[in-house]
Amino acid sequence: MGASFTIDPRSGVPIYVQLVEQVKRSVAIGALAAGERLPTVKQLAVDLTVNPNTVARAYRDLEREGVIATSPGRGSFVSADVPAARRAVADVSSASFEAAVREAKSIGLSRDDVAAIVGRLLERWYGTEASS
Amino acid sequence: MNPIEVQNLRKRYGTFEAVADLSLSVPAGSVCGLLGPNGAGKSSTFKCLIGLARPTGGTISIAGGPPRAAMFNDVAFVPERSALYDNLTVADHLTIARGSFPRYDERRAAKMLEIFSLDAKKRVRKLSKGQRAAVGLAIAFAMRPTIMILDEPASGLDPIHQRAVLDLIIEAAANGAAILFSSHNVGQVERAADRVAIVKNGRLVVDGELDDLREREKIVEAVFLATPDERRFAADARVRTVESRGNVLRLHTLRDTEALVGELERAGATSVTVQPQNLESLFFAAVEQPRPVTLEAD
């Protein structure tokens, strides 16, 4: 445990979207482990001071995407289904990539410019690979 | 039938139309924030809901029937200024409430005094404006109502107790209550509500689930090489407002933002950015008159 969520109601981003993204990120980085129990809708709503229906909507989305599973009477748990959790990881980073690429395009960078930036970043974070 | 259901409500005082045509519903477990400038019709709507005023037209259903005295076992109404007796203590007011409301919960009342930092022995006369408001709220939450109608519930409270009210509203909704509250504090609505109704001149101008509105309504900024033709977008039903400054066109979209981005790009925009919009900017866009389109003199 140790996953904690923060919501920014003023950002204009739907609150349920903020929650879905944060749960996915917590699963991705391992702050929420497979099989771990999530707070109840009511508990999380009270803790974050956000509307319970909004929390319920986030949980429904997470459940539909296979990130969490809810069993009646027992609560919601992080899915033990590894592929679903991996997809959640990919979702989190692809959303960040999309925002960055969109921004790059809107300020007028060409496809090659963007590819060059990504190439440099890959080199920095993954190291130089022996080109084959 | 939802706990609160208002259909085509009209309320006229003489020749003044306070509420022109207002429909809204609040399901169980839902919190609806009612926003609008002063005189928009919020208080008149509340008066009709609790049976203090007779509607000129339309229908109201609250707790399964028309407004009636017996509903106050389930319905808590907290006006902007609670009617309190200056010479009685806070504890006296709780005693009166205990005798009046069958669902009044003594342990919870004690907890409310603690939450609102109220001294039971103090006479109301000696209370500050915020503390008076807190007495009304403490009694309302102590009776565990299934429907709450709160007129400006946090006005006069300090930030700590304002937050306490939001926490109590959320807790009540999580336990299944239907809550309708008006506020001038957009931030409170933005946090606690799952639905929002914005009124202007007695009519709803925005109504719906808050997260749906956040998802649909965006600010789109498009940069062109030359002065763009804004008339084309001003007439578009998917656009709430259009502004242009030099080569930049700024649209407040109501829906179909992706499609509009494509159209702006095809119209020659060199850069298009989409920003989310918070409730405050949505509120101003909805309540202000649409800005007149300024055409460049040729």
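Here the structure is a predicted model, which is why all the values come from computation and not from measurement. Below, each value reflects all heavy atoms present in this structure, side chains not excepted, and no hydrogens, waters or symmetry copies. Throughout, a chain's letter reflects where its sequence line sits, starting with A, and its residues are numbered from 1.
A:Ile68 and A:Tyr59 make their closest contact through CD1-O, 3.6 Å (heavy atoms, listed as atom of the first residue, atom of the second, distance).
For the set A:Ile7, A:Thr54, A:Ile15, the entry with the most heavy-atom pairs within less than 4.5 Å of chain B is A:Ile15. Of the residues considered (A:Val13, A:Val46, A:Val50), A:Val50 shows the highest number of contacts with chain B, using heavy-atom pairs under 4.5 Å. Contacts with chain B were tallied for A:Pro52, A:Pro9, A:Gly108; A:Pro9 has the most, counting heavy-atom pairs under 4.5 Å. Looking only at heavy-atom pairs under 4.5 Å with chain B, the residue among A:Ala45, A:Ala56, A:Gly12 that has the most is A:Gly12.
For the residue pair A:Tyr16 and B:Glu215, a side-chain donor N or O sits within less than 3.5 Å of a side-chain acceptor on the partner. A:Thr49 and B:Arg191 share no side-chain donor-acceptor pair at under 3.5 Å.
More than 12 heavy atoms of other residues, nucleotides or ligands sit less than 6.0 Å from atom CZ of A:Arg57.
With a threshold of 4.5 angstrom between heavy atoms, A:Ser11 approaches chain B through N, CA, C or O but not through any side-chain atom. Of the two parts of B:Glu217, neither the backbone nor the side chain holds a non-hydrogen atom closer than 4.5 Å to a non-hydrogen atom of chain A. With a threshold of 4.5 angstrom between heavy atoms, B:Ser30 approaches chain A through its backbone and through its side chain. Only the backbone of B:Ala193 comes within less than 4.5 Å of a heavy atom of chain A; no side-chain atom from C-beta onward does. Only the side chain of B:Val274 comes within contact range of chain A, with heavy atoms under 4.5 Å apart. Heavy atoms of B:Ile170 lying under 4.5 Å from chain A belong to its backbone as well as its side chain. With a 4.5 angstrom heavy-atom cutoff, B:Val31 touches chain A via backbone and side-chain atoms both.
Within the 4.5 Å cutoff, the side chain of B:Asp236 has no heavy atoms near those of the B:Thr253 side chain. Counting only heavy atoms from C-beta outward, the side chains of B:Val26 and B:Val6 never approach each other to under 4.5 Å. Side chains of B:Leu260 and B:Val220 form no contact here, defined as non-hydrogen atoms less than 4.5 Å apart.
Among B:Glu221, B:Glu230, B:Gln275, the one residue that satisfies the side-chain hydrogen bond (donor to acceptor under 3.5 Å, both in side chains) test with B:Arg250 is B:Glu221.
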